[in-house]
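I have placed the structure first, in the form of structure tokens, so that the comments after it can refer back to it.
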Amino acid sequence: MRCAVLGATGYIGGRLVPELVGRGHAVRAVARSPGTLADVPWRDQVDVVAADVTDADGVATALAGQDVVYYLVHSLHQRDFVTLDRAAAHTVATCARTAGVRRIVYLGGISPTGQRLSPHLASRAEVGRILLDSGVPTVVLQAAIIIGSGSASFEMLRYLSERLPVMVTPRWVHNHVQPIAIRDVLHYLAHAAELLPGTVNRGFDIGGPDVLTYLDMMHRYAEIAGLPRRLVLPVPLLTPWLSAQWVNLVTPVPRSIAVPLIESVIHEVVCRDRDITDEIPDPPDGLTGYERAVDLALARTREAAVPTRWSGTSTPRAPSDPLPTDPSWSGGTVYEDVRERGTRADTGALWQAIEAVAGTHGRWRVEHIQRPHLLRLRAEMPVPGRAWLEMSATPAPGGSLYRQRAVFEPHGLAGHLCWKAVAPFQNLVFGRMAHTITGAAEHQHHRAN
């Protein structure tokens, strides 16, 4: 089928596009800023179109000739996201009907019945209703927390669990949630266009096999991540608004996203039915349990090699892996100290200096070497986290360029405190190292010439 994915640069869209391509569909990736897709592995396998979902002309052009439209856009980071998302949904609904699209697939949120919804959940429900009333057969998949690296809800859970060994928690942490793994979300999204009859026009709740409290999820995350069990101190009067300010203080998740997400956590978001199985079978190996989903989300950061998001992009092996299009605050915390120094020495002399200095640091081991350009060392000293030191030599006008990068991935609160404690000395230590290496290179270059 010809599938247009609106929101191809987003968390879900960036993972759905390669899934659809792998299933043999012709995919049009629609994005407001298509330049963001320059580094994704599937860039050359799709048709990339620039369009803003509030621009009727641009949307009409993007949907022309398409069979299926995936609507994966939201404006949560905007102050007036309710108004923006309402206008965008009306625009897409009208353009899809005019273009003769056969199916719209939208990913929304589970909405509890009989309750006053948070602005975030109410807006997601409103967008679903607008699309269902479009005249184009629409499937609205409604999910709670999605577990995978890059998911805003998961990242908030990750940072709270890792950074707070003692947590002051509000009442909402005891509310029940039915999380779902990103791989299962993609399963339902792809099959919603392939298997459902053209007459189906309704919403379906989707969720994983486990129903947990938010507190359960934090405890289990800590266990899977190898962190000590978190101490929880309940404070009944802590409001969602105050909770959101606290989340914003202790995590890098932007306030514009943290506030509406926390306001939505006051609801119990559990699937009301399993009607989806009447239309779409479960994945062949079954739905992914919470522990397995978290384990997959953490898989890349457990590898011995420095994660690829710091040293270049690569093809993800699983939907739970980080992507180049993920927000900079996702994927866990990484601290870096990067320094560059130009030198009159050629790359040969600079490389000799790099290897000479590296050989004097006995508490590091060589993890990767590409002579005469790149050397990466990994720390073997006992620190609360993982540390790498990367040094490179590249040609430059009049000589060469030395680049030095120290990378530290903290483990738990102790790791963050460790980096903060040594921060005042970094300029002395890392600055002196860069000066020593380039100085030795120039001395070697002078002797050779």
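Position 1 is the first residue of the sequence; numbering continues from there. Just so it is clear, the structure is predicted and the values come from calculations on it, not from any experiment.
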Exercise: identify the closest heavy-atom pair between [X] and [Y]:
X: Met391; Y: Tyr402; answer: CG-OH, 3.3 Å
X: Ala99; Y: Leu63; answer: CB-O, 3.8 Å
X: Ile276; Y: Asp205; answer: CG2-O, 4.0 Å
X: Val139; Y: Ala192; answer: CG1-CB, 4.2 Å
X: Val30; Y: Ala51; answer: CG1-CB, 3.7 Å
X: Gly289; Y: Pro209; answer: CA-CG, 3.7 Å

Going from [atom1] on [X] to [atom2] on [Y], what distance comes out if it is rounded to the nearest 0.5 angstrom?
X: Leu377; Y: Trp388; atom1: CG; atom2: CH2; value: 12.5 Å
X: Gln178; Y: Ile110; atom1: CD; atom2: CD1; value: 6.0 Å
X: Ile147; Y: Glu291; atom1: CD1; atom2: CD; value: 10.5 Å
X: Ile354; Y: Glu390; atom1: CD1; atom2: CD; value: 10.5 Å
X: Ser161; Y: Met217; atom1: OG; atom2: CE; value: 9.0 Å
X: Ile206; Y: Gln142; atom1: CD1; atom2: CD; value: 9.0 Å

Note, [X] side chain near [Y] side chain (heavy atom, < 4.5 Å):
X: Arg43; Y: Val40; value: yes
X: Tyr70; Y: Leu20; value: yes
X: Pro384; Y: His416; value: no
X: Tyr214; Y: Leu157; value: yes
X: Met218; Y: Leu160; value: yes
X: Met433; Y: Leu389; value: yes
X: Glu355; Y: Ile369; value: yes
X: Ile146; Y: Ile12; value: yes

Consider only side-chain N and O atoms of [X] and [Y], and report whether a donor and an acceptor are under 3.5 Å apart.
X: Glu380; Y: Trp364; value: no
X: Ser400; Y: Asp346; value: no
X: Arg124; Y: Tyr106; value: yes
X: Thr83; Y: Asp80; value: no
X: Thr438; Y: Arg341; value: yes
X: His25; Y: Glu194; value: yes
X: His191; Y: Arg23; value: yes

Under 3.5 Å, is there a donor-acceptor pair between the side chain of [X] and the main chain of [Y]?
X: Arg386; Y: Ala379; result: no
X: Asp67; Y: Arg2; result: yes
X: Asp184; Y: Thr288; result: yes
X: Asp216; Y: Thr213; result: yes
X: Tyr71; Y: Leu131; result: no
X: Ser118; Y: Leu121; result: yes
X: Gln404; Y: Phe430; result: yes
X: His445; Y: Thr343; result: no
X: Ser123; Y: Pro119; result: no
X: Ser151; Y: Gly148; result: no

Review point. When you look at Leu375 and Val366, which way does the side chain to side chain contact (heavy atoms under 4.5 Å, CB included) test go after all the steps?
Key: CA-CA 7 Å; Leu375 175 65; Val366 176; 4.0 Å; yes
Point to revise | Full working for salt bridge (Lys or Arg N to Asp or Glu O under 4.0 Å) between Glu223 and Arg229 | key: CA-CA 7 Å; Glu223 182 179 352; Arg229 184 170 177 82; over 6 Å; no
Point to revise | Steps toward side chain to side chain contact (heavy atoms under 4.5 Å, CB included) verdict (Thr394, Thr347) | key: CA-CA 6 Å; Thr394 55; Thr347 54; 5.6 Å; no
Point to revise | Verdict with reasoning, Val69 to Arg103, per side chain to side chain contact (heavy atoms under 4.5 Å, CB included) | key: CA-CA 6 Å; Val69 171; Arg103 164 75 66 200; over 6 Å; no
Review point. Crowded around His368 NE2? As in, over 12 foreign heavy atoms under 6.0 Å?
Key: yes
Practice item. Assess whether atom CZ of Arg344 is packed by more than 12 heavy atoms of other residues, nucleotides or ligands within 6.0 Å. Key: no
Exercise for review: Could you tell me how the ring of Trp419 sits relative to the ring of Tyr335: parallel (under 30°), tilted (30 to 60°) or perpendicular (over 60°)?
Suggested key: parallel
Point to revise | Audit row: Ile180, Ile145, side chain to side chain contact (heavy atoms under 4.5 Å, CB included) steps and yes/no | key: CA-CA 6 Å; Ile180 182 170; Ile145 291 178; over 6 Å; no
